[in-house]
Amino acid sequence: MKLKQEVNQVIQAAFDEAGIDATPISVSEATKPEFGDFQFNGAMALAKKLGKNPREIAATIVEHLKTDGVIAKAEIAGPGFINLWLDDNWIATRSSEAVADARLGIGVKENPIKAIVDYSGPNMAKQMHVGHLRSTIIGDTLANLLEFLGDEVIRQNHIGDWGTQFGMLIAYLEETGEESSVSLRDLEQFYKDAKKRFDEDPAFADKAREYVVKIQSGDSHCLGLWQKFIDISLGHCEEVYEKLGVNLSREDVRAESFYNDELPKVIDALKEAGKLQESDGAQCVFLEGDEVPVIVQKGDGGYLYATTDLAALHYRAQVLGAKRISYVVDARQAGHFKQVFRVAKEAGFVPEDVKLEHVAFGTMMDKSGKPFKTRDGGTVKLIDLLDEAVERAKEAIKDKSDYTHEQIEALAKTIGIGAVKYADLSINRESNYIFDWDKMLSFEGNTSLYMQYAYARIQSIFRKYGKQPEGEIVIGDELEHRLAMMLLRFEDVLERAAEDAAPSQITAYLYDLATLFMKFYERNPILKEGVAEETRQSRLQLANLTAKTIKQGLNLLGIDVVERL
RNA sequence: GCACUCGUAGCUCAGCUGGAUAGAGCACCCGCCUUCUAAGCGGGCGGUCUCAGGUUCGAAUCCUGACGGGUGUACCA
């Protein structure tokens, strides 16, 4: 439920009632439990405008505040803060509703939009490496989140399947012929071998260059080989997606080559819009205030990635009808996107009301703060990284003797992959990310395993109880009040995370929730003797809603839960 | 050179559209298991929020400048 909105409405009503002609600023979560659940800080700002004492204004607001529904108590503190406590009965009713609802009381957007999330975008010439990890999982989370909140999400995997290097690869594919599918098993090696042939044999190099021309001119034999190569390469990516538990399929692929026919039209349209200028033989768009132009066509007539991005923006806005287009791409490309977005808007490729955003993320570093590489300085293949995560997760499982071999495998997979994803998603995406196995697989702090443990602990209670809880939630003490409040905030958190494209806001919330639950669990016995039945049912339901919220939250992050740990 | 970005505890990070005494985890010290998973909970130690100005009733947050790190800067993507 939109909790803040509920509270804001009460404040607004008080404003109307008191005859204050202003729209109140939104309440914010209280900074401390002593200050209640929410605080309204608007009286101070209003005081200035009205030329009155802030405490007097606060008093007027409080006087007209309805305290027989959502809010139970309001107090004025300090210079004019209004601290608000929500009503226990109201909270209890709302959380009882939430636990009974499949969506946990979270609404579906009334005016959904078409939202495009462009993410992953691997290069077909190479195997996926760690550089693709962040885009893939941050993008997937954003897509899941928007979808859950009700938008119509179109996932776009803008794979790199075009360019001069493909001439070389196709030539080599043809040369190796029958064995190709075998040698393609390791794309990295295939690329290296092809490159070696290219460098050593001038005849092969010429052939490779010939192939580039042939592919681009639509030669069917070459295109067939190219298609085969792309299929196999994409198959490798799908293996990774499968392992990662990412919701990307073939239908989401809109490759670079998809826009080939549109590229000349982009140039024409820019010319039409009066944006095009020739400079040093290249076709450019010069933007007011920018030193460097956006080059859309090279001196030799070739197109560039800016051209493709413009074509894609046009397609997404005009053909697909997107109102929000999010590019989940490395922060280093900020300049590029800033320019391309500007060109797209100025040239009318994208209507003004479409939100274009670069969901930028920082570089992945190793523990010593240097870019993440293998021991010998090469790039780390994503598939290897994921396999290692599963292996390490296996090591982290205590009391392995409690499980069968198969159970350990399954557990390690969920835990290992989940840990990799959670660690990445839990930090502010824009800063660089320090990849640390030990921290990632720790049970302490804001980690995937702490969340898993909290969830499993609750499941353990239900296993012991043996039945489904069916009572109502009743707020019995301060801790239960805080826990229920926290649970009801879930939708606000998701809304905000979607707005900011910030998965870390979800993990931060989940961690706070799990921590609060642990406190509750230590102090408020559930199944122990001497607990009144009504209290027991209520606490079971609170535990139930906590578990469901954790599960739903992790699910949005693309992480599975385990019933037992 | 110019542009963008970051600078919070020894380390890794929060800090939600400017609010009350800046918070977690790790590390270090001290408590708590005869009954729901102690992979937990409680307590302690630890800060000139890089620095200097400015706006404001009020600044880690906004503006300007300095210092320090990162990144980008015309025909690769």
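Letters A, B, ... mirror the listed sequences (proteins, then strands); counts begin at 1. What you are looking at is a predicted structure, and each value in this text was computed from that prediction instead of being measured.
Looking only at distances, a side-chain donor or acceptor of Arg429(A) sits under 3.5 Å from a matching main-chain atom of Ala501(A). Side-chain atoms of Ser426(A) come within 3.5 Å of backbone atoms of Tyr422(A) as a donor-acceptor pair (strictly under, hydrogens ignored).
Atom C1' of nucleotide G69(B) and atom CE of Met365(A) are separated by 10 Å, given to the nearest angstrom.
Residues from residues 494-505 of chain A with heavy atoms under 4.0 angstrom of RNA chain B, sorted by number: Arg496(A).
Residues Glu522(A) and Lys519(A) are not paired through a salt bridge, judged by the lack of any N-O separation under 4.0 Å between the basic side chain and the carboxylate. Between Asp477(A) and Arg523(A) there is no salt bridge, since none of the side-chain N atoms of the basic residue sits less than 4.0 Å from a carboxylate O of the acidic one.
For the P atoms, the distance from C33(B) to C45(B) is 24 Å, rounded to whole Å. With C1' as the reference atom, U5(B) and G47(B) are 24 Å apart, rounded to whole Å. U12(B) and U73(B) have their C1' atoms separated by 32 Å, given to the nearest Å.
Among the nucleotides C41(B), G70(B), U37(B), the one closest to the side chain of Ile461(A) is U37(B). Taking the side chain of Tyr453(A) as heavy atoms from C-beta on, and the options U37(B), U12(B), C41(B), the nearest nucleotide is U37(B). When each of U37(B), A14(B), C36(B) is scored by its nearest atom to the side-chain atoms of Asn428(A), the top-ranked nucleotide is A14(B). If you check C16(B), U35(B), U21(B) against the side chain of Glu29(A), the one that comes closest is C16(B). Here G25(B) is the nucleotide among G25(B), A74(B), G19(B) with the atom lying nearest to any side-chain atom of Glu444(A). Listed nucleotides: G19(B), A74(B), A77(B). Nearest to the side chain of Asn41(A): G19(B).
Distance CD/Glu75(A) to CG/Leu84(A): 10.0 Å, rounded to 0.5 Å.
Taking the 5.5 Å centre cut-off and the 30° plane limit, the aromatic side chain of Tyr305(A) is not classed as stacked on C76(B). Stacking of Phe81(A) onto the six-membered ring of A20(B) is present: less than 5.5 angstrom between centres, less than 30° between planes. The ring of Tyr521(A) does not lie on top of the base of G40(B); it is either too far (5.5 Å or more) or too tilted (30° or more).
Gln452(A) comes within 4.0 angstrom of nothing in the nucleic acid, heavy atoms only. Using a 4.0 Å heavy-atom distance criterion, Tyr450(A) is classed as a sugar-phosphate-only contact. Residue-level contact check: Gln333(A) touches the bases, meaning some heavy atom is under 4.0 Å from a base atom. Residue-level contact check: Met44(A) touches the bases, meaning some heavy atom is under 4.0 Å from a base atom. In this structure, Lys519(A) reaches the sugar-phosphate backbone alone: every heavy-atom distance under 4.0 Å involves primed, P, OP1 or OP2 atoms, never a base.
Put simply, the side chain of Tyr327(A) does not reach to within 4.5 Å of the side chain of Gln156(A), judged on heavy atoms.
Aromatic ring centres of His158(A) and Tyr305(A) lie farther apart than the 6.0 Å criterion allows. Ring pair Phe462(A)/Tyr465(A): centre-to-centre distance not below 6.0 Å.
Aromatic ring orientation, Phe435(A) versus Tyr433(A): perpendicular (interplanar angle above 60°, classes split at 30° and 60°).
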For each nucleotide in nucleotides 1-6 of chain B, reading 5' to 3', give B when a protein heavy atom comes within less than 4.0 Å of its base, S when such contact involves only the sugar-phosphate, and - otherwise. -S----

